[in-house]
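Ligands are counted one by one from 1 in listed order, and the atoms in each one are counted from 1 as well.
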Amino acid sequence: MSRPTFALYFPRDFKWGTATAAHQVEGNNTNNQWWRWEQSHARIMNGDSSGLACNWWNDAEADFDRMVTLGLNAHRLSVEWSRIEPREGRFDSAALDRYRAMLLALRQRGIEPMVTLHHFTNPWWLEERGGWEDADLVVPRFCRFVETVVRALGDLCDLWCTINEPNVYAVMGYLSGGRMPPGVQDVSRTANVMRNMLIAHAAAYQVLHQNQRLARVGIAHHMRYFEPMRPGHPLDALVARALNSMFNQSVLDALIHGKWHLVLRRGAPASARKLRGTLDWIGLNYYTRHRVAFDHTKRETFFSELLIYPQDVMMTDFNFGEIYPQGILRFVRHLARYRLPIYITENGLPDHDDDLRPAFLIQHLHATWQAIQSCYDVRGYYHWSFVDNFEWGEGWRMKFGLVAMDPKTQAREFRRSAWLYRDIIRSGGITSEIVEAYAPALFQTLYQ
Ligand code: FCB
């Protein structure tokens with residue numbers, strides 16, 4: 001008996017995109033703190049470094065052509081501060097021209113750019129002087145940089161993402177003790193950096209609007225789904241709630257309500273009132289669920305994470321995370337209360353063999369479709385990532401791309417998931433034929 005047919009259609013103007021970041025794809029970004037950090041091989045898996053990355057500085061256009069092959073109508077990319085302002089106060093017009101050319105190339109291909117203004121990297125001159133630890137240093141300089149960018153590129157872009165993941169930047173650089181530069185482990189410095197990024201976001205929001213009336217300004221907010229490791233265990237539940245409030249909610253409370261979270265309030269130089277209402281949209285970067293437990297031996301943070309997962313849990317390559325598609329729907333439902341447009345600004349997984357990605361993509365898009373059916377205003381989905389790229393401390397081993405790339409030869413090959421994404425975009429949604437062809441095991445779950 002043949003299976004029934006169905007189609008889960010998305011709105012006609014839905015943005016079907018992918019996401020990248022400058023340092024991960026451009027190559028030879030020699031002037032920022034990450035490049036320096038990579039020079040010490042022990043810090044990056046397998047002694048890798050970004051090197052030529054995906055060669056986008058010279059030829060992003062070849063990948064933009066591949067985006068056309070897949071039918072994408074949106075792409076999120078970032079501009080590299082250290083290229084545009086290589087020395088303090090000196091702006092490089094050739095670098096701005098190169099970004100103009102990239103944005104124009106996207107536009108000419110019918111792909112709407114979303115431009116991120118800060119994605120983990122700082123010019124070395126800024127980092128040397130303390131980077132994001134000093135609000136008086138960084139906020140005015142970030143604003144001047146943003147103003148330069150919006151003036152130079154504003155005719156080609158009006159969808160701006162100020163800062164990528166302030167919580168991840170702060171935690172990885174200032175709490176993890178070595179996963180990202182500057183490799184610090186200090187709770188109050190972490191909070192200070194996160195707070196300064198939120199202040200800088202709000203200031204940049206005003207700069208963008210002063211220079212471009214119709215600017216649409218948001219942030220890419222990384223949200224992790226924390227759940228107690230031992231269901232019903234009160235201390236685990238407490239830890240999960242505390243993490244949720246510090247890591248996920250504090251950013252929203254600051255930018256939507258103008259309120260500092262307890263952790264951010266300590267030592268805060270000023271009230272957060274000025275931050276209120278500085279989002280035109282919310283970007284959700286969603287990857288995975290974390291099961292956490294109270295752990296009194298962890299002196300700074302008091303929690304540990306589940307490292308060995310039960311057999312029935314689907315894990316990505318290198319245990320990067322558990323595959324938990326419902327998380328997207330739950331977070332969108334949570335964000336919808338703020339009545340702002342929502343973009344899924346990142347979602348993806350490391351999967352070299354592409355044996356998990358097809359089902360992952362269908363399930364996460366299905367959850368997104370469910371959110372839209374519930375009248376939540378989700379405007380677009382940007383898969384991380386278009387092409388395998390330099391995955392920070394993980395180096396080249398984690399393969400996030402719809403397109404596979406060998407960093408030694410620059411050779412590229414579309415993964416099967418790329419064709420799946422193309423077929424979904426072409427059909428305007430997820431159809432039974434597509435599920436049958438790419439992930440038949442999901443059929444029953446989706447047909448209900
Ligand atoms: C996100 C980052 C992005 C990439 C993905 C895998 O947290 O924004 O640059 O590293 O994770």
Trainee: Taking atom types as modelled, find out whether Q212 and W160 have a side-chain donor-acceptor pair closer than 3.5 angstrom.
Mentor: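 Side chains of Q212 and W160: pair found under 3.5 Å.
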
Trainee: What atoms of ligand 1 come within less than 4.0 Å of a heavy atom belonging to H119?
Mentor: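 Near H119, meaning under 4.0 Å from one of its heavy atoms, ligand 1 has 2 (C), 3 (C), 8 (O), 9 (O).
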
Trainee: Quick one, I328 and I344 - any side-chain contact, counting heavy atoms below 4.5 Å?
Mentor: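 Contact flag for I328/I344 side chains = yes.
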
Trainee: Give me the one residue out of W392, W37, W34, W132 that meets ring pair (Phe, Tyr, Trp, His ring centres under 6.0 Å) with F120.
Mentor: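 Single pass found, and it is W392.
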
Trainee: Among Y286, Y287, F247, Y324, whose ring pair (Phe, Tyr, Trp, His ring centres under 6.0 Å) with Y225 holds?
Mentor: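 Checked Y286, Y287, F247, Y324 against Y225; only one passes ring pair (Phe, Tyr, Trp, His ring centres under 6.0 Å): Y324.
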
Trainee: Does the side chain of N164 reach to within under 4.5 Å of the side chain of R76, using non-hydrogen atoms?
Mentor: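 Of all side-chain heavy-atom pairs linking R76 with N164, at least one is under 4.5 Å.
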
Trainee: Counting only heavy atoms not in R179, do more than 12 fall under 6.0 Å of its CZ?
Mentor: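 No, because the 6.0 Å sphere around CZ of R179 holds 12 heavy atoms or fewer from other groups.
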
Trainee: Against ligand 1, does M398 come closer than 4.0 Å with any heavy atom?
Mentor: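 Not so, M398 does not reach ligand 1.
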
Trainee: Hey, does N285 come in under 3.5 Å of ligand 1, counting only N/O atoms on both sides?
Mentor: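 No, no N or O pair falls under 3.5 Å.
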
Trainee: Give a yes/no on ligand 1: does N164 have at least one heavy atom closer than 4.0 angstrom to it?
Mentor: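 Per 4.0 Å heavy-atom rule, N164 contacts ligand 1.
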
Trainee: Hey, is CZ on R107 packed in by over 12 heavy atoms from elsewhere, all under 6.0 Å?
Mentor: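 Yes.
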
Trainee: Report the member of Y286, F400, Y287, F120 with the shortest heavy-atom distance to atom 5 (C) of ligand 1.
Mentor: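 Ranked by closest heavy atom to atom 5 (C) of ligand 1, first place is Y287.
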
Trainee: Give the numbers and elements of all ligand 1 atoms closer than 4.0 Å to a heavy atom of E391.
Mentor: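 Counting atoms of ligand 1 from 1, those under 4.0 Å from E391 are 4 (C), 6 (C), 10 (O).
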
Trainee: Can you name the atoms of ligand 1, numbered from 1 with element, that are less than 4.0 Å from a heavy atom of H222?
Mentor: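 Reading through ligand 1 atom by atom, the close ones are 7 (O).
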
Trainee: For atom 1 (C) of ligand 1, what is the nearest protein heavy atom, given as residue, atom name and distance?
Mentor: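 Among all protein heavy atoms, the one nearest atom 1 (C) of ligand 1 is E346 OE1, 3.1 Å.
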
Trainee: Considering only non-hydrogen protein atoms, determine which one is nearest to atom 7 (O) of ligand 1 and report residue, atom name and distance to 0.1 Å.
Mentor: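 Checking every protein heavy atom, the shortest distance to atom 7 (O) of ligand 1 gives E165 OE1, 2.7 Å.
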
Trainee: Would W384 count as being in polar contact with ligand 1, using the rule that some N or O on each side must be under 3.5 angstrom apart?
Mentor: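 Looking only at distances, the answer is no, because the N/O contact criterion of under 3.5 Å is not met.
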
